[in-house]
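This report concerns only the one structure given below.
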Amino acid sequence: KRAFVNELQDLVTHKLGIDLAVDCDVASSRYLERVLDLVVSRVSTLPEIIHAARYFWLETSVTTESLTAIHPLARHLISSTVLALDRLGRGDFHAGKVMELLRETAVECGVNRKALLQVIRFAVTGMDEGPELGPVMELLG
């Protein structure tokens, strides 16, 4: 696994231009191991990780139009989710608690959980699919 992490570290620094001296957190061995654990079942080669999981290293840019195409209440769903996440203490920001909060937010907003998760996944990652959202959000912080 160490060899994969080293190779991924090289890919992240060279393909994405991540500076290890500046962005040491997102290029650390521990962070990259966690990314690998999340995406390993969705990719067949290490270079594919750069595309499939680019949101772990690069800012995601989504438009209001693209979000409302997913759900007409996307802005409200995102606002409600952000307010709920803000209530979490630093020690409570882990995958299980995030998923519990997302379930509660879906109920409070009167939408099914899948609809909320689609909107939040797209807002957070810029992608329609990917690893389980709770661990992704925990890793992203």
Side-chain angles (χ1 to χ4, degrees), residues 1-109 111-141:
K1 189 173 186 178
R2 183 71 188 142
F4 289 122
V5 169
N6 289 340
E7 188 176 339
L8 182 56
Q9 198 169 43
D10 286 342
L11 286 170
V12 167
T13 55
H14 294 103
K15 294 267 187 192
L16 300 178
I18 301 296
D19 183 348
L20 289 174
V22 176
D23 300 306
C24 57
D25 291 341
V26 297
S28 72
S29 295
R30 179 67 187 125
Y31 187 86
L32 295 175
E33 283 176 20
R34 292 180 69 193
V35 170
L36 276 172
D37 289 343
L38 285 174
V39 301
V40 71
S41 66
R42 299 181 173 277
V43 297
S44 55
T45 67
L46 278 175
E48 288 177 7
I49 292 174
I50 299 300
H51 175 72
R54 64 187 173 272
Y55 49 87
F56 285 111
W57 301 286
L58 302 174
E59 285 188 33
T60 302
S61 177
V62 296
T63 64
T64 302
E65 293 80 21
S66 60
L67 286 166
T68 52
I70 295 170
H71 196 285
L73 298 175
R75 290 178 68 167
H76 173 67
L77 297 175
I78 291 168
S79 296
S80 297
T81 301
V82 168
L83 289 173
L85 287 169
D86 281 345
R87 291 191 302 263
L88 283 180
R90 234 174 138 59
D92 289 332
F93 201 88
H94 57 82
K97 191 68 172 174
V98 168
M99 290 307 293
E100 177 185 325
L101 184 135
L102 291 173
R103 281 189 291 279
E104 293 169 3
T105 302
V107 170
E108 291 169 9
C109 291
V111 299
N112 68 42
R113 186 175 68 94
K114 183 178 178 181
L116 176 69
L117 292 178
Q118 283 181 308
V119 169
I120 300 304
R121 174 181 306 286
F122 194 76
V124 170
T125 69
M127 302 180 83
D128 296 325
E129 56 184 30
E132 188 179 339
L133 194 53
V136 167
M137 290 178 70
E138 177 183 338
L139 188 53
L140 289 171

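Each residue takes its place number in the sequence, starting with 1.
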Would V124 and Y55 satisfy side chain to side chain contact (heavy atoms under 4.5 Å, CB included), going step by step from the backbone distance to the final call?
CA-CA 8 Å; V124 170; Y55 49 87; 5.7 Å; no
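- Residue W57 comes nearest to Y31 through the heavy atom pair NE1-CE2, 4.0 Å, listed as atom of the first residue, atom of the second, then distance.
- The heavy-atom pair separating A84 from L101 by the smallest distance is O-CD1, 3.2 Å.
- Once rounded to the nearest 0.5 Å, the distance linking CG of L32 with CG of D37 reads 11.0 Å.
- What you find for A95 and G134 is that their closest heavy atoms are CB-C, 3.5 Å.
- Here the side chain of S28 pairs a donor or acceptor atom with the backbone of D25 at under 3.5 angstrom.
- Taken from CG in D92 to CG in L85, the straight-line distance is 11.5 Å, to the nearest 0.5 Å.
- Put simply, the side chain of F122 does not reach to within 4.5 Å of the side chain of T60, judged on heavy atoms.
- In F4, the CZ atom is not crowded: 12 or fewer heavy atoms of neighbouring residues, nucleotides or ligands sit closer than 6.0 Å.
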Evaluate M99 against R113 for side chain to side chain contact (heavy atoms under 4.5 Å, CB included), listing each step before the verdict.
CA-CA 10 Å; M99 290 307 293; R113 186 175 68 94; 3.7 Å; yes
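- Distance CG/L73 to CG/L67: 12.0 Å, rounded to 0.5 Å.
- Between V39 and P131 the shortest heavy-atom distance is CG1-CG, 3.8 Å.
- Taking NE2 of H76 as the start and CD1 of I78 as the end, the distance is 11.0 Å to the nearest 0.5 Å.
- No donor-acceptor pair under 3.5 Å is formed between the side chain of R121 and the backbone N or O of Q118.
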Walk me through whether I50 and L8 qualify under side chain to side chain contact (heavy atoms under 4.5 Å, CB included).
CA-CA 8 Å; I50 299 300; L8 182 56; 4.2 Å; yes
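- Considering only heavy atoms from C-beta on, L77 stays 4.5 Å or farther from T105 through its side chain.
- N6 CG to L11 CG: the interatomic distance, rounded to the nearest 0.5 Å, is 11.0 Å.
- Contact between L38 and P135 at its shortest, heavy atoms only, is CD2-CB, 3.4 Å.
- Here the CG-CE distance, from L102 to M137, works out to 5.5 Å after rounding to the nearest 0.5 Å.
- Pairing each heavy atom of A115 with each of N112, the nearest pair is N-OD1, 2.7 Å.
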Determine, step by step, whether E33 and R30 satisfy the side chain to side chain contact (heavy atoms under 4.5 Å, CB included) criterion, reporting the C-alpha distance in whole Å, the side-chain angles of both residues, the deciding distance to 0.1 Å, and the verdict.
CA-CA 5 Å; E33 283 176 20; R30 179 67 187 125; 3.8 Å; yes
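- Checked options V43, I49, T45; the residue passing with P47 is T45 (criterion: side chain to side chain contact (heavy atoms under 4.5 Å, CB included)).
- The list of salt bridge (charged side-chain N to carboxylate O under 4.0 Å, His left out) pairs with a residue in residues 125-141, not counting sequence neighbours, reads R34-E138.
- Checked for salt-bridge contact, E100 and R103 miss the test: no charged N lies under 4.0 Å from a carboxylate O.
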